[in-house]
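Here is the structure we will look at.
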Protein chains: 2
Amino acid sequence: MAPSARRLRIRGTNGWFPPTLPPPHENAVLTQEDLVALEGIGQARVLGTGDTMYEQDGAADMLFLVQSGIVRVSHLTADGNRHILAFHWQGDVCGLMEDGRYVNSAVALCETHVLGLPRVALQGLLLSQPLLQNEFLVKVAADLRKTQRLLIALSSFDAPHKMASFLLECTHHEDHYDAAAQVVTLFADRKDIADYLGLSGETVSRALGVLAEAGLIRRISTRRIGIEFSRLRHYVEA
Amino acid sequence: MAPSARRLRIRGTNGWFPPTLPPPHENAVLTQEDLVALEGIGQARVLGTGDTMYEQDGAADMLFLVQSGIVRVSHLTADGNRHILAFHWQGDVCGLMEDGRYVNSAVALCETHVLGLPRVALQGLLLSQPLLQNEFLVKVAADLRKTQRLLIALSSFDAPHKMASFLLECTHHEDHYDAAAQVVTLFADRKDIADYLGLSGETVSRALGVLAEAGLIRRISTRRIGIEFSRLRHYVEA
DNA sequence: CGGACGTTTGAATGGACTCAACGCACGTGG
DNA sequence: CCACGTGCGTTGAGTCCATTCAAACGTCCG
C-alpha cells in the first residue's frame with residue numbers, strides 16, 4: 001500500500017525510529033488507512049470500569065490497541081507485591097508477552113474501547129505494511145522511554161517529588177486536566193498511585209499534605225487537585 | 001528480499017512481535033544477510049574502557065548495534081543524580097533519542113565493538129526490509145521488558161534482594177559467569193551497581209555482607225563472587 | 001614506599017513503612 | 001428522614017532500613 005501524504009508528513013515531523021518523541025503522552029499517529037487495516041484483522045471490545053483486558057500468566061493470543069479510556073497495566077510479584085508499570089491511553093499498545101503468556105495484567109479504569117489484534121494476523125499485517133510496522137516500532141520505543149522515565153523518578157525522588165512528578169504527568173491528558181483552572185482530576189485511587197510510584201497509600205496521602213503545605217497544590221476533593229503548574233514544575237526540576 | 005529458511009525457523013520458534021522472549025538476556029537473532037545489510041549502511045566503531053559512545057543531550061544522528069563488549073546506559077537528572085538504566089550486550093540496540101538529542105549517555109565498560117547506524121539510512125533500510133524491521137521491533141520490546149523487570153526489582157525489594165537479583169542477572173552472561181564453579185565476575189564497580197539498583201555504594205557493600213553472612217554467596221575478591229545459585233534463586237523468589 | 005582510588009565498616013540521621021484509629025462520603029434499609 | 005454499614009482517605013505513633021558523613025582498610029601503580 002502506498003503511503004499517504006499525510007502519513008509521510010507526520011513521519012517527517014516526528015522522525016522515524018528511534019522516535020523523536022513529542023511530549024511523552026503523545027504517540028505515533030495511525031493513519032485512517034492503518035486503522036482500517038487493523039480493524040480488518042482485529043475485534044473491537046468495550047470494557048467497563050474494573051474489567052480485565054488480560055491477566056498475567058494467561059494465554060496470550062492478542063495484542064491490544066487502546067482506542068479510548070484508560071488501562072492500568074500491573075504486575076504481581078511472587079511475594080504478593082503489586083506494581084503498576086504504566087497507564088495506557090488512546091493510541092497506546094499493550095499486551096507484552098513471553099512464551100505465549102502475558103507478563104502483566106491490564107484492567108480498564110473507566111469505560112474503555114480497545115481493538116484486540118490476534119498475534120499471528122498482526123504479524124502478517126505488519127510484515128506486509130512496513131509503514132504500519134514502523135508505527136508500532138515507534139509506539140514501543142515511546143513506551144520504553146516512558147518506562148525509563150518512571151524508573152528514574154522512582155529511584156531518585158522522595159515521596160513529595162514523586163507525587164509532584166505524577167501530577168505533572170497528569171496534566172498531559174486533556175481529559176483530566178483543566179488547563180485554565182489548573183485543576184487535575186485524578187483517574188486512579190490512592191493505592192493505584194502508590195503502586196505506580198512505589199509508595200504506600202498513606203505516604204501518597206502525606207505527600208499531598210506536604211505539597212499542599214508548601215502551597216504547590218490545593219486539595220479540592222480527594223480526586224480533584226488544584227496545582228500551581230510552574231511552581232510545581234520548578235519543584236520537580238530542582 | 002526473500003526470507004531465508006533459517007530466519008523463518010528462528011522466528012517460528014521465538015514468535016513474532018510481541019516477542020516470546022527466551023531467557024531475558026537473549027535477543028532477536030539477526031541473520032547473516034541482515035548483518036551484511038546493516039554493515040552496508042553503518043560504520044564499525046571500537047571503544048576502549050570508559051569511552052563514550054554518545055552523550056545525553058548530544059545531537060543524535062546514529063543508533064548503535066552492540067557487536068561485542070558491554071555498554072552502560074545512564075541518565076543524569078537535573079539534581080545531579082545518576083541512574084543506570086541498562087547494561088547492553090552483544091545484539092542489543094541503543095541510542096534512544098527525543099527531538100534529535102540522545103536521552104541518555106552510553107559508555108563502554110570494556111573493549112566494545114559497535115556498529116553505528118545513521119538514523120535516516122536505517123529508516124530506509126528497515127522500511128525496505130520488513131523482516132529486519134521486525135527484528136528491531138522485537139529488540140525494543142525485549143528492552144522494554146528488561147526495563148520493566150528492573151522497575152519491579154527496584155521498587156519491591158530491599159537492598160540484599162536487589163543485590164541477589166543482580167547477581168542472578170549476571171549469571172545469564174557466559175563471559176562473566178563460570179557455571180561450573182558458580183562464580184560471577186562483576187563487570188561494574190560498586191557505584192555503578194548502586195546506581196543501577198537505586199542504592200548507595202555503601203549499601204551495596206553491606207548487602208553483599210548480608211548475603212555472605214547468610215551463606216548465599218562467598219566473596220572471592222571485590223569483583224569475583226561465588227554464588228549458591230539455587231539458594232540465591234529461592235531467596236529472590238520468596 | 002607512597003599515593004590514589006575503590007571498598008568496607010561504623011555511628012547517627014532521616015524518611016517511608018506498618019499498624020491502628022479516626023473522618024468522611026456514599027448507599028442501603030428501616 | 002435518619003441510623004447504620006462500608007470503602008476510601010487521612011492522620012498519628014513507633015519501627016526499621018537506607019542514607020550520609022566519616023574513618024579505616026586494601027590494592028594497584030606510580
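The figures here come from the full heavy-atom set of this structure, side chains too, leaving out hydrogens, waters and symmetry mates. In what follows, every chain begins at residue 1, and chains take the letters A, B, ... in the order their sequences are listed.
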key: N-O pairing of B/R149 and A/E98 below 4.0 Å   =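 Counted as a salt bridge, because a side-chain N and a carboxylate O are separated by less than 4.0 Å.
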key: Salt bridge flag under 4.0 Å for residues A/R82 and A/D192   =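 The answer is yes: the pair qualifies as a salt bridge.
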message = Enumerate the ring pair (Phe, Tyr, Trp, His ring centres under 6.0 Å) contacts for residues 54-81 of chain B, please, sequence neighbours excluded, ordered by first and then second residue.
response =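 Sorted result for residues 54-81 of chain B: B/Y54-B/F64, B/Y54-B/Y102.
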Separation of [N] [atom2] from [X] [atom1] (nearest whole Å):
{"X": "A/I225", "N": "D/dG9", "atom1": "CD1", "atom2": "C1'", "result": "11 Å"}
{"X": "A/D192", "N": "D/dG7", "atom1": "CG", "atom2": "C1'", "result": "14 Å"}
{"X": "A/I193", "N": "D/dC8", "atom1": "CD1", "atom2": "P", "result": "14 Å"}
{"X": "B/N81", "N": "D/dT19", "atom1": "CG", "atom2": "P", "result": "11 Å"}
{"X": "A/D195", "N": "C/dC17", "atom1": "CG", "atom2": "P", "result": "11 Å"}
{"X": "A/R224", "N": "C/dA25", "atom1": "CZ", "atom2": "P", "result": "16 Å"}
{"X": "B/F157", "N": "D/dA18", "atom1": "CZ", "atom2": "C1'", "result": "17 Å"}

query = Which residue, A/L150, A/L154, A/I84, forms the side-chain contact (heavy atoms from CB on, under 4.5 Å) with B/S155?
reply =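 Output: one option passes, namely A/L154.
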query = What heavy-atom pair brings B/R219 and B/A212 nearest, and what distance separates the two atoms?
reply =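 Shortest heavy-atom contact: NE-CB, 4.4 Å.
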Under 3.5 Å, side chain of [X] to main-chain N/O of [Y], donor-acceptor pair present?
{"X": "A/T147", "Y": "A/D143", "answer": "yes"}
{"X": "B/K162", "Y": "B/L197", "answer": "yes"}
{"X": "B/S105", "Y": "B/Q56", "answer": "yes"}

Review item, nucleotides 27-30 of chain D N/O atoms under 3.5 Å of protein N/O:
none

Using atom names, set out every protein N or O paired with an N or O of nucleotides 15-17 of chain D below 3.5 Å, distance rounded to 0.1 Å.
none

Return the polar atom pairs (N/O with N/O) between nucleotides 6-9 of chain C and the protein under 3.5 Å, or none.
| unit_1 | atom_1 | unit_2 | atom_2 | d |
| --- | --- | --- | --- | --- |
| C/dT7 | OP2 | B/R190 | N | 3.2 |
| C/dT8 | OP1 | B/R190 | NH2 | 3.2 |
| C/dT8 | OP1 | B/R219 | NH1 | 3.0 |
| C/dT8 | OP2 | B/R190 | NE | 2.7 |
| C/dT8 | OP2 | B/S205 | OG | 2.8 |
| C/dT8 | O5' | B/S205 | OG | 3.0 |

query = Where does the angle between the aromatic ring planes of A/F87 and A/F166 fall among parallel (under 30°), tilted (30 to 60°) and perpendicular (over 60°)?
reply =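 Ring orientation, 0 to 90° scale: tilted.
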request  = Quick one: list whatever passes salt bridge (Lys or Arg N to Asp or Glu O under 4.0 Å) with A/E202, sequence neighbours left out.
outcome  =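 A/E202: no salt bridge (Lys or Arg N to Asp or Glu O under 4.0 Å) contacts found.
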ask   = Quick one: side-chain hydrogen bond (donor to acceptor under 3.5 Å, both in side chains) partners of B/E237, sequence neighbours excluded?
value =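 In terms of side-chain hydrogen bond (donor to acceptor under 3.5 Å, both in side chains), with neighbours along the sequence ignored, B/E237 is linked to B/R233.
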